[in-house]
Amino acid sequence: MRRFLMESRTAAIVLAAGLGTRMRSERAKVLHELGGEPMLARVMRALEALGPNPLVLVLGHQADAAKDAVRRYCPDLAVSFALQPKQRGTGDAARCGLGAIAEDFRGDVIILYGDLPMLTRETLGAFRRAHREAASKLSFITVRLPDGGAYGRVLRDKSGEVEAIVEARDANSEQRAITEINTGVYLVDAALLRAVLSEITADNAQREYYLTDIIAIARKRGVRVFGWRAERAEEFAGVNSREELAQMEARIRETVNRKLMAAGVTLIDPPTAYISEQAEIGPDTTIGPNVQILGRCRIGRGVIIEGTAWLSNVTLGDRSHLKLGVRAEDCTIGPECEIGPFANLRAGTELEGRNRVGNFVETKKARLGRGTKASHLSYLGDAVIGSGTNIGCGVITVNYDGYDKHGTRIGDRCMVGCDSQFVAPVKVGNDVYVASGTTIVRDVPDGSLVLSHHPQAEKPGWMEAFHKRHAGRARWWEEKH
Ligand code: UD1
Ligand code: CA
């Protein structure tokens, strides 16, 4: 209890306003995807373990897309957003973030960069413990790299005390040879942060406000700076180019796949299984070649995914079977379903269990009760269908009138004949038999047969007369060259 009282609060600022020029992209760097989600989501999740409050995300380039990504991929996180209108450097970005933290906030602020997707919660936790144990007012994480490349170098005095960080572009050759680098993760007492941030200037090679300058400024004020050396340098690899992105992707994929296999999941061809770290997959599930399982998917046990599937935010019940070529997004598939080959399950599809959705069937906001089947060539949109109903080949819910979408309801145990249309809004009761080729335009009561056939008529000899009318013309079955 005493320890709890002594621990100060932690606020967080994540810097993610930059475009990332070396990516050569119109998309902000932090929105490029790694392991099936924007890299920013990974950083936010690692940070979540520290319970920061407030948690401020500084955005600039594609701020709206970044907000959407955070809401979609980190739905449980309370995040406040701060805008950095012009990207004038990490110091300026930190100032923007600080603007979103109450003036009277007392405690530490952790600042980190949005392009550190390999950072783990364990390392962040260890850093904060070390910072507290040292009773430090300003700490940052360093690692040793044989070649510091573009990273900022850590300057220490003869007694080993940190004096400053110098950016690679501003460093002389002697400084550039230093192997201890700045990772871009800082913990600073809030009051001190306000003071030192107000002093930084853009007096450097890039004419930018460097956050790294707070180190030397703090030193000048007589504040001791704690450079905490992390063991695992690989956690701090920043992504700066497409090549680095692909390398990191391969590493993440390998780790995820190894974990899944150890937990009893069969991957037929691990290098082509692209599975998000967020996915939960039960034992004895088999995943075939070329499968993407993105976002937050929950896949049960004994599931078979044959191959070439794209799944995003999908729940898939035990023993379901996805045949070749299934695309499914934001939907729930119950147990023992059989889907595909070549099925498209769009957002809001809910299958209760033991359903069959066969080839060239598209569903959208469609709820199918237990055991209901749509085996071939159908469109089911904005539909609620009961259990034990059979949807024949080529059935269409006509849900869109050009302005609005309308719903179709079909009851339990119905037999819907091939090539029928439901012109929504419309409601069909339980135990209804829809004759094939029916266009349903009004509600149908329980237990009925419904049909809208034109009566069949035969005209003997009609074909001969037809050909006569086209005498001298080539016949359609004759070969043309
Ligand atoms: C920075 C550090 C460097 C460190 C390295 C670690 C500075 C000046 N340098 O360099 O010491 O070794 O990270 O990876 O801080 N950002 C903004 N607004 C801006 C500029 C940047 O929000 O105006 C964000 C970017 O979106 C990015 C992060 O800050 O997520 C870091 O910026 P970046 O340009 O990648 O810094 P580095 O040059 O890598
Ligand atoms: Ca960087």
Side-chain angles (χ1 to χ4, degrees), residues 12-23 25 27-32 34 38-44 46-47 56-63 65-66 69 81-100 111-119 140-145 147-155 162 164-171 175-176 178-186 188 196-197 200-217 225 227 230 233-241 244-245 248:
I13 301 175
V14 179
L15 307 187
L19 180 61
T21 34
R22 278 170 288 173
M23 296 296 282
S25 175
R27 187 157 29 143
K29 179 161 72 177
V30 294
L31 294 181
H32 282 264
L34 261 179
M39 65 171 98
L40 179 61
R42 302 173 59 87
V43 180
M44 301 296 274
L47 195 52
V56 182
L57 179 59
V58 181
L59 297 172
H61 281 283
Q62 291 172 343
F81 300 101
L83 195 72
Q84 185 193 22
K86 257 184 91 191
Q87 280 63 63
R88 300 189 300 169
T90 49
D92 179 63
R95 273 185 200 152
C96 294
L98 197 56
I111 307 175
L112 50 82
Y113 299 159
D115 64 347
L116 295 172
M118 304 302 268
L119 194 56
F140 68 106
I141 306 182
T142 77
V143 291
R144 285 208 175 278
L145 284 186
D147 171 12
Y151 289 104
R153 307 296 200 270
V154 179
L155 309 188
V162 175
I165 296 172
V166 58
E167 287 307 290
R169 290 162 87 159
D170 300 293
Q175 291 167 331
R176 229 172 275 142
I178 294 172
T179 55
E180 184 180 20
I181 61 102
N182 169 36
T183 63
V185 183
Y186 315 79
V188 197
V196 290
L197 271 184
I200 54 176
T201 62
D203 186 16
N204 52 56
Q206 303 189 78
R207 317 288 327 145
E208 278 187 2
Y209 294 90
Y210 289 167
L211 177 57
T212 43
D213 285 353
I214 63 173
I215 309 297
I217 295 169
V225 176
E234 62 276 16
E235 278 189 32
F236 298 92
V239 177
N240 294 301
S241 66
E244 285 172 11
L245 190 70
M248 213 170 267

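Order of listing sets the numbers, starting from 1, for every ligand and every atom in it. Heavy atoms only: backbone and side chains are in, while hydrogens, waters and symmetry mates are out.
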- Is the shortest N/O to N/O distance between Gly18 and ligand 1 below 3.5 Å? yes

- Location of contacts on Ala16 toward ligand 1, heavy atoms closer than 4.0 Å: backbone

- For atom 27 (C) of ligand 1, which candidate among Val166, Leu15, Thr142 holds the nearest heavy atom? Leu15

- Flag for Arg144-Thr179: side-chain donor and acceptor within less than 3.5 Å: yes

- Go through the steps to decide whether Leu57 and Leu40 satisfy the test side chain to side chain contact (heavy atoms under 4.5 Å, CB included), and finish with yes or no. CA-CA 10 Å; Leu57 179 59; Leu40 179 61; 3.8 Å; yes

- Query: Does the protein put a heavy atom under 4.0 Å from atom 11 (O) of ligand 1?
  - Reply: yes

- With a cut-off of 4.0 Å, which atoms of ligand 1 are near a heavy atom of Arg88? 23 (O)

- Item | Glu208 heavy atom under 4.0 Å from ligand 1 | no

- Looking at Val58 and Ala93, what are the two nearest heavy atoms and their distance? CG2-O, 3.6 Å

- Query: So, does Thr90 use its side chain to make a donor-acceptor pair with the main chain of Leu211 at under 3.5 Å?
  - Reply: yes

- Ligand-residue contact atoms, ligand 1 with Gly152, heavy atoms, under 4.0 Å: 3 (C), 4 (C), 11 (O), 12 (O)

- Item | atom 36 (O) of ligand 1 touched by protein heavy atom at under 4.0 Å | no

- Is it true that the side chains of Tyr186 and Asn182 contain a donor and an acceptor less than 3.5 Å apart? yes

- Task: Determine whether Lys29 and Leu31 make a side-chain contact, defined as any pair of heavy atoms from C-beta on separated by less than 4.5 Å.
- Result: no

- A student comparing Tyr113, Tyr209, Phe140, Tyr210 should find that the heavy atom closest to atom 15 (O) of ligand 1 comes from Tyr113

- Item | Donor-acceptor contact present, side-chain Arg153 to main-chain Tyr151, <3.5 Å | yes

- Flag side-chain contact, heavy atom, 4.5 Å: Leu19 against Gln87: no

- Donor-acceptor pair, Asp213 side chain versus Ile217 backbone, under 3.5 Å? no

- Message: Below the 3.5 angstrom mark, is there an N/O of Ala17, backbone or side chain, next to an N/O of ligand 1?
- Response: yes

- Query: For Leu116, is at least one N or O under 3.5 Å away from an N or O on ligand 1?
  - Reply: no

- Among Leu40, Thr90, Thr183, whose heavy atom sits nearest atom 21 (C) of ligand 1? Thr90

- Task: Mark yes or no for whether Gln84, through its side chain, and Ala17, through its backbone, hold a donor-acceptor pair below 3.5 Å.
- Result: no

- Query: Can you check whether Leu119 reaches Phe236 side chain to side chain, under 4.5 Å on heavy atoms?
  - Reply: yes

- Task: State the atoms of ligand 1, each with its element, that fall below the 4.0 Å cut-off from a heavy-atom position in Ala93.
- Result: 17 (C), 18 (N), 22 (O)

- Message: To check your reading of the model: name the closest protein heavy atom to atom 23 (O) of ligand 1, its residue, and the distance in Å.
- Response: Gly89 N, 2.8 Å

- Within-shell test, Ile181 vs ligand 1, heavy atom, strictly < 4.0 Å: no

- Item | Ligand-residue contact atoms, ligand 1 with Asp115, heavy atoms, under 4.0 Å | 30 (O), 35 (O)

- Are Thr212 and ligand 1 in contact, using a heavy-atom cut-off of under 4.0 Å? yes

- Message: Using a plain distance cutoff, I'd like to know if Ile165 has any nitrogen or oxygen under 3.5 Å from a nitrogen or oxygen of ligand 1.
- Response: no

- Note on the structure: For Asp115, the N, O or S atom at the shortest distance from the Ca ion (ligand 2) is OD2

- Within the structure, does Asn182 bring an N/O atom to less than 3.5 angstrom of an N/O atom in ligand 1? yes

- Query: Under 3.5 Å, side chain of Thr142 to main-chain N/O of Glu180, donor-acceptor pair present?
  - Reply: no

- Backbone or side chain, does any N or O of Glu167 fall under 3.5 Å from an N or O of ligand 1? yes

- Which of the listed options, Lys29, Gln87, Gln84, holds the heavy atom that is closest to atom 18 (N) of ligand 1? Gln84

- atom 14 (O) of ligand 1: the protein heavy-atom neighbour that sits closest, reported with distance to 0.1 Å: Tyr151 CE2, 3.6 Å

- Starting from the C-alpha separation in whole Å, work towards a yes-or-no answer on side chain to side chain contact (heavy atoms under 4.5 Å, CB included) for Met248 and Val239. CA-CA 8 Å; Met248 213 170 267; Val239 177; 3.4 Å; yes

- Query: Is there a side-chain contact between Val30 and Gln62 (heavy atoms, below 4.5 Å)?
  - Reply: no

